[in-house]
Amino acid sequence: QVQLVESGGGLVQAGGSLRLSCVASGLTFSVAAMAWLRQSPEKEREYVAVISRFGGSTYREDTVKGRLNISRDNAKNTVYLQINRLKPEDTAVYYCAANSRGAGTTSASEYDYWGQGTQVTVSS
């Protein structure tokens, strides 16, 4: 059974930083593409960052590029998302997702497995 477990969310002031973690089990992590997506009450679920099995990364252009860093540690079956200079509009539930075929897509529908999400709340 595949499980993705996120952690690291919380309440932070604008301008602060957070590092989210996602530990995967039950899949061959080293061949999976991993992504972070987020959803707020006002918006549909949107991708934030994707990292391929080889470590190449893609970031959402419009609001987050330059403030985020996605990384992975295959020895620990863990993917991370560092978010810097947080803004109130970053407030959302952040989800970790895995594409077991290794396809590093920005389309949420292409991901096979999802975590339960971790809440990030940014106060102004």
Novice: For the backbone of Arg38 and the side chain of Tyr47, can you confirm whether one donor and one acceptor N or O come within less than 3.5 Å of each other?
Specialist: no
Novice: What I'd like to find out is whether the side chain of Cys22 reaches to under 4.5 Å of the side chain of Tyr80, using heavy atoms alone.
Specialist: no
Novice: Shortest non-hydrogen contact from Ala35 to Val50?
Specialist: CB-CG2, 3.9 Å
Novice: Specify the closest pair of heavy atoms between Asn84 and Ser17, including all atoms of both residues, with the distance to one decimal.
Specialist: OD1-OG, 3.1 Å
Novice: Using the ring of Phe29 (Phe, Tyr or Trp, six-membered ring only), decide whether Arg72 places NZ or CZ under 6.0 Å from its centre and within 45 degrees of its axis.
Specialist: yes
Novice: Of all the heavy-atom pairs spanning Ala33 and Tyr111, show the shortest one and how long it is.
Specialist: O-CE2, 4.0 Å
Novice: Measure from NZ or CZ of Arg45 to the centre of the six-membered ring of Trp114 and say whether it is under 6.0 Å with the direction within 45° of the ring axis.
Specialist: yes
Novice: May I ask you to test the Leu81-Asn69 pair for a side-chain heavy-atom distance under 4.5 Å?
Specialist: no
Novice: Can a donor-acceptor pair be found between the side chains of Ser30 and Asn74 at a distance below 3.5 Å?
Specialist: no
Novice: Are Val2 and Ile51 grouped together when hydrophobic residues (ILVMFWY) are joined by side-chain heavy atoms under 4.5 angstrom apart?
Specialist: yes
Novice: Looking at side-chain heavy atoms only, is the closest gap between Arg60 and Thr106 below 4.5 Å?
Specialist: no
Novice: I need the minimum non-hydrogen distance between Val5 and Gln116, along with the two atoms involved.
Specialist: CA-OE1, 3.9 Å
Novice: May I ask whether Val120 and Trp36 are part of the same hydrophobic cluster, defined by side-chain heavy atoms of I, L, V, M, F, W, Y residues being less than 4.5 angstrom apart, directly or through others?
Specialist: yes
Novice: Can you tell if the side chain of Met34 reaches within under 4.5 Å of the side chain of Arg53, non-hydrogen atoms only?
Specialist: no
Novice: So, for Arg101 and Glu110, which heavy atoms are closest and what is the spacing to 0.1 Å?
Specialist: NH2-O, 3.3 Å
Novice: Quick one: does Arg19's side chain have a donor or acceptor within less than 3.5 Å of a partner on Gln82's backbone?
Specialist: no
Novice: Is there a donor-acceptor pair under 3.5 Å between the side chain of Thr28 and the backbone N or O of Val31?
Specialist: no
Novice: Any side-chain heavy-atom pair from Ile70 and Tyr59 closer than 4.5 angstrom?
Specialist: yes
Novice: Hey, what do you get for CG (Asp90) to CZ (Arg85), rounding to the nearest 0.5 Å?
Specialist: 10.5 Å
Novice: What about Val122 and Val93, same hydrophobic cluster or not, with Ile/Leu/Val/Met/Phe/Trp/Tyr joined at side-chain heavy-atom distances under 4.5 Å?
Specialist: no
Novice: Compare all side-chain heavy atoms of Val12 with those of Thr121 and state whether any distance is below 4.5 angstrom.
Specialist: no
Novice: Do you know which two heavy atoms are closest between Ser100 and Asp112, and how far apart they sit?
Specialist: N-OD2, 2.7 Å
Novice: By the definition side-chain contact (heavy atoms from CB on, under 4.5 Å), identify the one residue from Thr118, Leu18, Leu37 that meets it with Tyr94.
Specialist: Thr118
Novice: If hydrophobic clusters are built from ILVMFWY residues whose side chains come within less than 4.5 Å, do Leu20 and Tyr113 share one?
Specialist: yes
Novice: For Cys96, does its backbone N or O pair with a side-chain atom of Glu6 as donor and acceptor, under 3.5 Å?
Specialist: yes
Novice: Would you check, one step at a time, whether the test side chain to side chain donor-acceptor pair (under 3.5 Å) holds for Asp73 with Thr78?
Specialist: CA-CA 5 Å; Asp73 185 338; Thr78 302; over 6 Å; no
Novice: Walk me through it: do Val23 and Ser25 pass the test side chain to side chain contact (heavy atoms under 4.5 Å, CB included)?
Specialist: CA-CA 7 Å; Val23 180; Ser25 60; 5.9 Å; no
Novice: Will you find, in the side chains of Ser109 and Ser107, an N or O donor that is under 3.5 Å from an N or O acceptor?
Specialist: yes
Novice: Start with the C-alpha gap between Thr105 and Asn99, add the side-chain angles, then the distance that decides, and say whether side chain to side chain contact (heavy atoms under 4.5 Å, CB included) holds.
Specialist: CA-CA 8 Å; Thr105 173; Asn99 181 301; 4.3 Å; yes
